[in-house]
Amino acid sequence: MSLKELIECKHPTAWSEFEKGMIDEVELARIFFKDGRSFDLEGLKNCMRRGYSYIEGVEELLLALKQNNYEIHAFSNYPIWYKMIEEKLQISRYLSWTFCSCIIGKRKPDPDFYLEVLSHLKVDPANCIFIDDRLKNVEAAMELGIVGLHFKNTDLLLQDLSSTGIDISIDEHCQS
C-alpha cells in the first residue's frame, strides 16, 4: 500500500490518539483502518524497531553533551513504543525520556506541550534549546521564546549549537 493509500484508508485520529496515550495498542489495532480491517500489528512494531538507528554522529554528539554536563531530555511525539527504541538504542544513557507525548498527553507542535516542558524544567525559554527535524515544531518552540534549531545533519547541528555558545568537539575517544 502506498503512503497516499494508507492516508486515505486509516482512521484520521487513531495514531495521534495512540501517541498521546489516549488509546492502547489493542484499540489502535481495532480502529487503525476506517473500514475496520485487521492488520499485522506485530509486523508494524517489528518494522519500526528495525527502522530505528542512530543517525551518523548523533550518538557521539549526545555523549559529548553528556560529558559536558548538559541536561538533555527527549521531547517527542512517541507512543508507548518509545520503550522499543530505548531497548534497541539505549538512548537513556544520554538523555531522559521525560517528555514523550504518550506520558504528557500532548503532541508537538501544540504550544501547551512546550509550556509544560518549561514549567516542569523551571527554566526561562531563552535558556532552553529545542532541536527537531521538523521545522514546524522548531517554529512553535521559537514562538514561545525557546531557542530552536532545525536538525538537518550532525555537522550542521554542531555549527548551530556553536552559534548558541555551545562548542562541543566530538573527539575520536568519544566514538562508540
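Numbers here are sequence positions counted from 1.
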Could you check if a side-chain atom of Thr154 sits within less than 4.5 angstrom of a side-chain atom of Glu60, using non-hydrogen atoms only?
no
Count the heavy atoms of every other residue, nucleotide or ligand shown that sit under 6.0 Å from CE of Met142, and state whether that count exceeds 12.
no
Is there side-chain contact between Leu89 and Tyr54, with at least one heavy-atom pair below 4.5 Å?
yes
Would a distance-only check, ignoring hydrogens and angles, find a side-chain to backbone donor-acceptor pair under 3.5 Å from Lys88 to Arg50?
yes
Sorted by chain and residue number, the ring-ring contact (aromatic ring centres under 6.0 Å, His included) partners of Trp81 (sequence neighbours excluded) come out as Trp15, Phe18
Calculate, to the nearest 0.5 Å, the distance between atoms CG and CD belonging to Asp155 and Gln159 respectively.
7.0 Å
Same cluster or not: Val26 versus Phe39, using hydrophobic residues (I, L, V, M, F, W, Y) connected whenever any side-chain heavy atoms lie under 4.5 Å apart?
no
For Arg134, look at atom CZ and say whether over 12 heavy atoms of other residues, nucleotides or ligands are found less than 6.0 Å away.
no
Which distance, rounded to the nearest 0.5 Å, do you find between the CG of Leu158 and the CD1 of Ile166?
11.0 Å
Should the heavy atoms of other residues, nucleotides or ligands under 6.0 Å from CD of Glu87 be counted, would the total exceed 12?
no
Donor-acceptor pairs are to be reported for all side-chain atoms of residues 98-106 against protein atoms at under 3.5 Å, with residues two or more places apart or in another chain.
| from | atom 1 | to | atom 2 | distance (Å) |
| --- | --- | --- | --- | --- |
| Thr98 | OG1 | His73 | ND1 | 2.6 |
| Thr98 | OG1 | Ser96 | OG | 2.4 |
| Ser101 | OG | Glu19 | O | 2.7 |
| Ser101 | OG | Tyr78 | N | 3.0 |
| Ser101 | OG | Tyr78 | O | 3.1 |
| Lys106 | NZ | Glu116 | OE1 | 2.7 |

Hydrophobic cluster membership, with links at side-chain heavy-atom distances under 4.5 Å among I/L/V/M/F/W/Y: are Leu3 and Leu44 in one?
yes
Could you tell me which non-hydrogen atom of Met48 sits nearest to which non-hydrogen atom of Met84, and how far apart they are?
CB-CE, 4.5 Å
Which is it for Ile31 and Ile23 under the side-chain contact (heavy atoms from CB on, under 4.5 Å) test, yes or no, and what are the steps along the way?
CA-CA 10 Å; Ile31 68 169; Ile23 62 173; 4.0 Å; yes
If I take atom OG from residue Ser2 and atom CD from residue Glu8, how far apart are they, to the nearest 0.5 angstrom?
7.5 Å
Take a 6.0 Å sphere around CD of Gln90 and say whether it holds more than 12 heavy atoms from other residues, nucleotides or ligands.
yes
Quick one: CG on Leu157 to CG on Leu61, what's the gap to the nearest 0.5 Å?
5.5 Å
Tyr82 and Ile91: side-chain contact (heavy atoms from CB on, under 4.5 Å), yes or no, with the steps?
CA-CA 10 Å; Tyr82 79 89; Ile91 294 172; over 6 Å; no
Any donor-acceptor pair under 3.5 Å linking the side chain of Asn68 with the backbone of Tyr70?
no
Can Ile55 be reached from Ile168 by stepping across I, L, V, M, F, W or Y side chains whose heavy atoms are under 4.5 Å apart?
yes
To the nearest 0.5 Å, what is the distance between CG (Leu62) and CG (Leu95)?
6.0 Å
Does any non-hydrogen side-chain atom of Phe75 lie less than 4.5 Å from one of Asp132?
no
How far apart are the closest heavy atoms of Tyr114 and Leu144, and which atoms are they?
CB-CD1, 3.4 Å
Please give me the minimum heavy-atom distance between Ala64 and Ser169, naming the atom from each residue.
CB-O, 4.1 Å
Does a side-chain N-to-carboxylate-O contact under 4.0 Å join Glu27 and Arg30?
yes
Would a 4.5 Å heavy-atom cut-off, applied to side chains only, mark Ile80 and Asp24 as touching?
no
Are the side chain of Lys66 and the backbone N or O of Arg93 linked by a donor-acceptor pair below 3.5 Å?
yes
Kindly work out whether a path of hydrophobic side-chain contacts (I/L/V/M/F/W/Y, heavy atoms less than 4.5 Å apart) joins Leu121 to Ile146.
yes
Does the side chain of Lys45 reach to within under 4.5 Å of the side chain of Glu25, using non-hydrogen atoms?
yes
To the nearest 0.5 Å, how far apart are CZ in Phe33 and CE in Met1?
4.5 Å
Just so I know, are the side chains of Phe130 and Asn137 near enough to count as touching, which here means a heavy-atom distance under 4.5 Å?
yes
Would you mind reporting whether Arg37 and Phe32 have side-chain heavy atoms less than 4.5 Å apart?
no
